[in-house]
Amino acid sequence: MQVLVTGGMGYIGSHTCIQMIEKGMTPIILDNLDNSKQSVLDRIELVSGLRPLFYQGDIRDKTFLDSVFSKHNIDSVIHFAGLKAVGESVAKPLEYYDNNVTGTLVLVDAMRRANVKSIIFSSSATVYGDPASVPINESFPTSATNPYGRSKLIVEECLTDFQQANPDWSITLLRYFNPVGSHPSGELGEDPQGIPNNLMPFISQVAIGRREFLSVFGDDYATPDGTGVRDYIHVVDLSAGHIAALNKVGTKSGLHTYNLGTGIGYSVLEMVKAFEQASGKTVAYNIVDRRPGDIAECWADPAKAKTELDWSASYDLKRMTVDTWNWQQKNPTGYPD
Ligand code: NAD
Ligand code: UDP
């Protein structure tokens, strides 16, 4: 099975490529290296024993896409490529709509020309907005509170319309909860450029001494300890969810939508404590104001993926923190240039 992996040099894409290789699939990576480094390819090879084909280019470049599709018999596309920082999306909405929405439309149009009719799209739990209750299942109403979330929602809606008009296509929307952790080898992990936006890489950089303290965004939410509660999922589990989706529904026509989460919520302070235990370091923190747009709690009902994809998360919080710390220690400043 040959699978075009857009954004395959990124955090989730690179981990997924390793598992594809382990399962005998052939990933072909397409990435513009906007948020990743060439050296990721060396690490994929080091861990998996195989160096995937890599095309450097942009999903919005029609000619480039046509040339890649013409060279290979692609069976399916996993579409990770996109911009993902909520705060940046508020400042640069056009860039987000262009990359995430236009990029996806250009990609799907190229797939249509190449007669490739199977795509798995990286969506997000952010499409549930501020849910009325938890756990969240796939039939909950969707909404968006920022341009990043709206770009994911618009793509979901475009793909839904497109699938209705083209019922022989297989379109899978995977709604990720909070991906964390890294490959157990410590060779691959999350490598945010600049100040991390997300909790786990921030905690990890405090523990290694790159940042002085964590700002905890609010301790007055209606949660057990007042801090925000999220469904953190190990990136290896998340990657396995893509393999399961490819195998179970990637060749079945239809629109398939799944939550990929653990079904368990942890608070910010629980994450800090777990990381301190894993690293043996103290993670200094200050309580500050709530971050605008944040919600109190969010965790998945993962039952549909369990029933239909035969997939469920198996890595616990300890593995998430231990593996993150292993990656951080081995690569204190991330991937080499
Ligand atoms: P990432 O930034 O590490 O990886 C994305 C990759 O896409 C990068 O290597 C980047 O260089 C590439 N890219 C971006 N725009 C491109 C373009 N126009 N053409 C070609 N390549 C391009 O991000 P990630 O954390 O691996 O996330 C992957 C996907 O999952 C994204 O679509 C993201 O929105 C989605 N997602 C991520 C999270 C998360 O917390 N990490 C949560 C939910 C959904
Ligand atoms: N958070 C925090 N400090 C940070 C980053 C995040 O307190 O520096 C909190 C945030 O308010 C939320 C949780 O950690 O409750 C997860 O935030 P993240 O940005 O990682 O993911 P989100 O759920 O917002 O997509």
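Read the numbers this way: they start at 1 and go in the same order the structure lists the ligands and their atoms. Treat the numbers as computed from the prediction; the structure is a model and nothing was measured.
In plain terms, the two heavy atoms of Cys17 and Ile44 that are nearest each other are CB-CD1, 4.3 Å.
With distances taken over non-hydrogen atoms, the option nearest atom 24 (O) of ligand 2 out of Arg211, Arg290, Arg291, Arg230 is Arg291.
In this structure, Lys37 fails the cation-pi test against Tyr335, since its NZ or CZ atom is not both closer than 6.0 Å to the six-membered ring centre and inside 45 degrees of the ring normal. Cation-pi geometry between Arg113 and Phe69 is not satisfied (NZ or CZ under 6.0 Å from the ring centre, within 45° of the ring normal).
Within ligand 2, the atoms closer than 4.0 Å to a non-hydrogen atom of Asn178 are 21 (O), 22 (P), 23 (O), 25 (O), numbered from 1 in the order shown. Interface of Val216 with ligand 2, defined as ligand atoms under 4.0 Å from a residue heavy atom, comprises 7 (O). Each of the atoms 11 (O) of ligand 1 lies under 4.0 Å from some heavy atom of Leu33.
By the criterion of a heavy-atom distance under 4.0 Å, neither the backbone nor the side chain of Glu190 is placed next to ligand 1. For Asn197, every heavy-atom contact with ligand 2 shorter than 4.0 Å involves the backbone, none the side chain.
Distances from ligand 1 to the non-hydrogen atoms of Asn99 include at least one value under 4.0 Å. Ligand 2 has Tyr232 within reach: a non-hydrogen atom of the residue lies less than 4.0 Å from it. The closest approach between Gly103 and ligand 1 stays at or above 4.0 Å for every heavy atom of the residue. Gly57 counts as a contact of ligand 1, since one of its heavy atoms falls under 4.0 Å from the ligand. Using a 4.0 angstrom heavy-atom cutoff, Ser14 does not count as in contact with ligand 1.
Considering both main-chain and side-chain atoms, Asn32 comes within under 3.5 Å of ligand 1 through a nitrogen or oxygen pair. The shortest N/O to N/O separation between Asn198 and ligand 1 does not fall below 3.5 Å. For the pair Met200 and ligand 2, the shortest N or O to N or O distance does not fall below 3.5 Å. Not one N or O of Tyr176 is nearer than 3.5 Å to an N or O of ligand 1, by distance alone. Residue Ile295 places no N or O, backbone or side chain, under 3.5 Å from any N or O of ligand 2. In terms of polar-atom proximity, Asp31 is counted as a contact of ligand 1, with an N or O under 3.5 Å from an N or O of the ligand.
In terms of protein heavy-atom proximity, atom 18 (P) of ligand 2 is closest to Asn198 ND2, 3.5 Å. Of the protein's non-hydrogen atoms, Ser215 O, 2.7 Å is the one closest to atom 3 (N) of ligand 2. In terms of protein heavy-atom proximity, atom 2 (C) of ligand 2 is nearest to Phe217 CD1, 3.3 Å.
Defined by atom type and a distance below 3.5 Å, a donor-acceptor pair is missing between the side-chain atoms of Asp323 and Ser182.
Between Phe177 and Trp299, a ring centre-to-centre spacing not shorter than 6.0 Å is recorded. For His72 and Tyr55, the ring centers are positioned less than 6.0 Å apart. Under the 6.0 Å cut-off for aromatic ring centres, His242 and Tyr258 do not qualify, their centroids lying 6.0 Å or more apart.
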